[in-house]
Each structure stands twice: as C-alpha cells, then as structure tokens.
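The figures that follow rest on heavy atoms only: side chains count, while hydrogens, waters and symmetry mates do not. Model, not experiment: these values are computed from the prediction. Within every chain, numbering begins at 1; the chains are lettered A, B, ... in the order of the sequence lines, protein sequences first and strands thereafter.
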Amino acid sequence: MNPLILRTSVRIHLYLLTLFSFYLLIRGHNEPGGGFIAGLLTASAMVLQALAFDARYASSLVPVREQTLIGLGLLLAVGTGVASMLFGRPFLDHVFHHTFLPFLGEVELASAVVFDIGVYLVVVGVAKWTILTVATGRAGQSGPGS
Amino acid sequence: MSPNGLALPVVLPMLTGIALILLPRRAEWQRRISAVSTAVGFLIAVALIRQVRAEGIQVLYVGDFPAPFGIVFVGDLLSTLLVALNMLVAAAVLWYAFLTMDPERERFFFYPLFQFLLMGINGAFLTGDIFNLFVWFEVLLIASYILLTLGGEPYQLQEGFKYVMINMLASTLFLVSVSVLYGTLGTLNMADMAVKIAEVKDSPVVAIASVLLLIVFGIKAAIFPLYFWLPRSYVAPPGAVTAFFGGVMTKVGVYAMVRVYTLLFGVDDGFTYTLLVWIAGLSMVVGILGTLAQMDFKRILTWHIISQIGYMVMGLAIFTPLALAGAIYYVAHIMVVKTALFLASGVTEKLTGTTNLKKMSGLLTTHPALGALFFVGGLSLAGVPPLSGFFGKFTLIQAGLAEGRYGIVATAVGVSLFTLFSMIKIFRTSFWGEVRHKAAADRAVDLRTYGALLGPLALLVAVSVGMGLGAQFTVGYVLESAHQLLQPSLYIQAVLGSGLGS
C-alpha cells in the first residue's frame, strides 16, 4: 500500500503542528498553553511522521539524543528554580520584564518561559524515546533494531 | 541557611540525577557523583535539623506565593529527621550497590533513578501541601516502578505489574480523597486545612476523606489488611533495591499517616482509635505469623516489615506524646535496622548463592564477622537492650500502660518474642551448624570483596547501637518532636502566621 495522501498531507502538517506548538509554548505563560501541551503537540507531529513514513525517520527529525533532550529539559526547569535561590529569593521564584523588541513591539519576557521550554524538551525527549522503543523493540538507544 | 535550605534535599538529588543522565554512562563516575551527592545531602539534612531545633519550624514559600495559595515546604523536627535518615540509609545502600550492582543495570540508569527516588521521598517528607504530597508520592512511585522492574527478569515483571496496579489504585483513591477535601474545605494547604477542619467540626465528608486517606497511606505502608502486595514484590529486585525499599519506602506511608492524623484529623477515643488499634494489632500478628511460615531469609524480613508497621500504628493510635515519640523512634530504628538486615541477607546470598535457609548453615564458622553483625541487628529488631529496638518498644509499651491499653500492649510484647524467635531461626539455621552450603570455594567471593560488603552493614549496625546507647539524646529528640506534632497550632502558626503578613 502506498499511503500517498497521508504522506503528502503529513509533510504539510509537520510544519503547521510544529509552528503551532511553538506558539502554544510562548503564549503559555499567561494564557492556555505551556510547555507540556506544546511538547505533546510536537510529539504528535512526530507520531504522524512515524505512521506515514517510519519511526526512525520520524525520530531523525529531532537530531538530538533523547537522553540529552530529557536531561537538558530537566536542567532548564530546575535551573530556573535554582537561579532564584542564587539571588536570595525563594526556590522557583520568577521575574518578568516588559521590554521593547524590534518588529514585535512591547513584549513580556518572563523567566517562567525558560521553565516551560525545559518541560517542552522533556516531553519531546520522552516522545522520541517512546516512538523509537515501540517501533524498534529496543530500549535505551537509537540504533539498528528489529 | 535561609529557608531555601528546605528545597535543597529535593533540588540536590534532582540535579544529581540530571547530571548522571547527561554525563557519559561510565560506572565509576556515576558512582562517585552519587556518593558525593548523597553524603552532601545527609550533611544538609543534619544542618536543617540543627536549624529547626534552634529556630523552630521552618517554612519555605515556594515561588514566593503566600500560603495558603502557593505550595509550602515545611521542616519540623519529624520531617527533617526523616530526611536525614533517608539520606543516611541511602548512602549505605548506595555503598552496597557500588559493590554488587550488575553492570547492565548500572548502565541502564540505576543511579539517576535512585536519585529521583530520593528526591521524591524527601519531597514527600517536606511538603506542607496535600496535593503536592500526592505529586511527590507519584515521583517516588514512578522511580520505584522502574527500580523494581529494572533488569526485566520474569519474576520482577510479574511482581512489578501487581505493584504498579495496586499503587495506581491507591493513587486514584488519594486523588479522590484530596478532591473531596478540596471540595469541602476549599484549600489544599495542610495548615489551612487544619484550621478549616476545626471550623466545620464533625463534618461527615471530612470523616470519609480521613478514612480514605487512611486506606491510601495504609496501602503504601502495608498495614493489615492492605499488606498483601508487599512480601512478594519486595524480594523481586536486586539486594540493594530490596534493602532500600524495605527500609524506607513503607515508612513514607507511615509518615503521611502520622502527619495527617496529628495535623488534620486527630485521633478520637471512639471510632478512629478502635480502627487504628485493631489495624496495629492485626498487622503485628499477621506479619509475624508470615515470618514463622517462611524458610527464606529475604521473605522472613519482608514479612517483618508488616509486623513492624503495626508498632508504628500502635503509637499513632494511642496518641499521647509518649506514644507518638515511641512511634517516631520506631520509624527511625526500623529504617536503619531493617536496611541493615536486608543488606546482611544480600551478603549471605552473595556468599552462599541462595536465600533459602535450608540450603545454608555454618556461616558463623566461615564468616564470623557477618554473623556478629547480623546477630546484633537481629537482636535490635527484636528489641533487646541496649540496642535501638528496645527503646522504641519500651516507649510504646510504657505509653500503652499509662493509658491502660492492655490488649495492644500484650500483643506488642508477645509479637516481640516471636520476632526474637524468627531472628533466632535465621541465626540457628544459617549461621550455626556444619558448613553445608556450597562454600566460598564455589562462589568466587574473595576476602576483600567480602570485607568491603560488610562496610555498609557495619555502618548501619553502628548507627543502631549508637541510637540505643545515646538514648538520652535520641529519646529526648523524639519526645520533643512528638510534642511538636501534638501542638498543631505551632505548625499552623509557622505556615500561616508569617504567610498572611507578607
């Protein structure tokens, strides 16, 4: 079987879903959205690729090792909490600052976004790992399997 | 240390776990980093205890959100003591794991998972928010699911499946009872809840939630009749994991029980007391009957866990300062001694290749040091003075007699005798007698490895002896901590008093 329609539409969906997930990630601080849901959306984009093509291709779209993604994500998330301790503030305290950026106008930059990015990376890492494990029947590392 | 110190027992294991994931999976680095981190964690916990003793209950408003809106971390004498003991036992278990863990498991994230487990346990001890307590339970459970099944042996998967299922059920009930409480009281902060519960006196909904929570924590703590998952699942993973689970995991459930009953619900003389005292007595008896039926070193010890949980619940049921002090002392004592005995069973397994008592004997001839350490640990578990077990039981029984609870006191004393009997059974069959097991000649455990294996065991036995010999100090400490628990106003004042002002 050659799922031509699926493959063609999925190519477009990849960009739409990824873009939308970034949008959710950024707006999540004050409005519905956030790192977790954005990560799930990116993961669903990967799963679609895996269905239409194959798992290894789908995971190669995120060319970072899954362990590194999870580790870095956790580090970013905890890092925002620990950073506030370094300034003598309570753990996980956060700051935000209104600033003017070219083209974008007045935006609010919040340290909580870094936390969200960390969560996002963890979710994407876990998704990649799961896709690979389910598809290849091997745990732990990317590599030839099945 | 600023109040931020309270976050360190959670943040440190987490950072360590992350570092261990990111760094190359070279065994020696994984070991060194976990060892240093756990030792530092223990020192931090000791510093926290000193701070709490000097300045009273410490509160950290996470994210600077005032209570009761944000999550708080609360360090009182009990929670900081348990964090310190957790780190101490973890250090000993890690030491043992360095020597025994197989390379395959080490490569598959054993050390990072262990750190995440420590993070979850410390978080559960320190949090002052009941939903956050649920979250920490999940953190430690997920780490424990993986540690239990890591290696993927059929028996591990079989028992791991049941363990996951029963804990999922418990977590669901936990969530239900938290939502019921939130729906009724409109708050999740435990100090604030205590205030609200005092206002709504005798609300049936709160009573239902309290029994639901008892079931939830009862499943985690393996009290009668919710213990059935424990004896089989705890023997499945490798020795180091079994030792840590047996020593520490169920005590998180006991801690949660003590916390919610002292702070939120209280133990009245009627229904709650009757319920708790029956649970305590039956847990003791059923647990000890289980040990009598077994002829397997590890299984005897896992059944003992249930019996010992009964003593802790007994202290909670009697609910006087002395009784609670006894319960806390008992928790501390069991965390140390139980782990030591499990480590002893692990060493024995390494030497003889079996945990079946019928297949080994005469270890005292070939390995006297192990025999001596096990002997001291076993006597301590049974409650022979001047070891730590004696003071726990003595305090509990004294408290029971002072309150005229003769039935439970008689049970406790009787069960103690059987505990001694089962320890003697192990000692008699495996350490005395002719050398019958396929001796060290077959199993290549050379003398240096054997000596090293005794290290963590000796450390824990020494702590137990120290706790007993220094009873003046240790009993004083738990009494102080019991008084603190029975005055919830101190806790509430610490959390809400300054929180509302800021």
* Structure fact -> Heavy-atom nearest pair, A:P90 first then B:G63, reads CB-N, 4.3 Å
* Take atom CZ of B:R50 as the centre, draw a 6.0 Å sphere, and report whether it contains more than 12 heavy atoms from other residues, nucleotides or ligands. => no
* Structure fact -> On a heavy-atom basis, the closest approach of B:L22 and A:G71 is CD2-CA, 3.7 Å
* Any idea which of B:L20, B:I21, B:V10 has the most non-hydrogen atom pairs under 4.5 angstrom with chain A? -> B:I21
* Structure fact -> Honestly, the part of B:F73 sitting under 4.5 Å from a heavy atom of chain A is neither
* Asked: Has A:I5 got more than 12 heavy atoms of other residues, nucleotides or ligands less than 6.0 Å from its CD1?
  -> no
* Is it true that atom CE of B:M168 has more than 12 heavy atoms of other residues, nucleotides or ligands lying nearer than 6.0 Å? -> no
* Do other residues, nucleotides or ligands put more than 12 heavy atoms under 6.0 Å from the OH atom of B:Y145? -> yes
* Asked: Does CZ belonging to A:F96 count more than 12 external heavy atoms closer than 6.0 Å?
  -> no
* Asked: If you round to the nearest 0.5 Å, how far is CG of B:L6 from CZ of A:F91?
  -> 11.5 Å
* Using the side-chain contact (heavy atoms from CB on, under 4.5 Å) rule, take B:L15 and A:L75 through it: C-alpha gap first, then chi angles, then the decisive distance, then the call. => CA-CA 7 Å; B:L15 285 176; A:L75 196 61; 4.1 Å; yes
* Over 12 foreign heavy atoms within 6.0 Å of CZ, B:R26 -> no
* Structure fact -> To the nearest 0.5 Å, atom CG of A:D93 lies from atom CZ of B:F65 at 8.0 Å
* **A:L74 vs B:M14, side-chain contact (heavy atoms from CB on, under 4.5 Å): CA-CA, chis, key distance, verdict** => CA-CA 9 Å; A:L74 285 173; B:M14 181 156 187; 3.7 Å; yes
* To do: Report the C-alpha separation of B:N4 and A:R89 in whole Å, then their side-chain angles, then the decisive distance to 0.1 Å, and conclude whether the side-chain contact (heavy atoms from CB on, under 4.5 Å) test is met.
  => CA-CA 8 Å; B:N4 263 328; A:R89 305 285 302 157; 5.8 Å; no
* To do: Using a cut-off of 6.0 Å, state whether more than 12 heavy atoms not belonging to A:F53 lie near its atom CZ.
  => yes
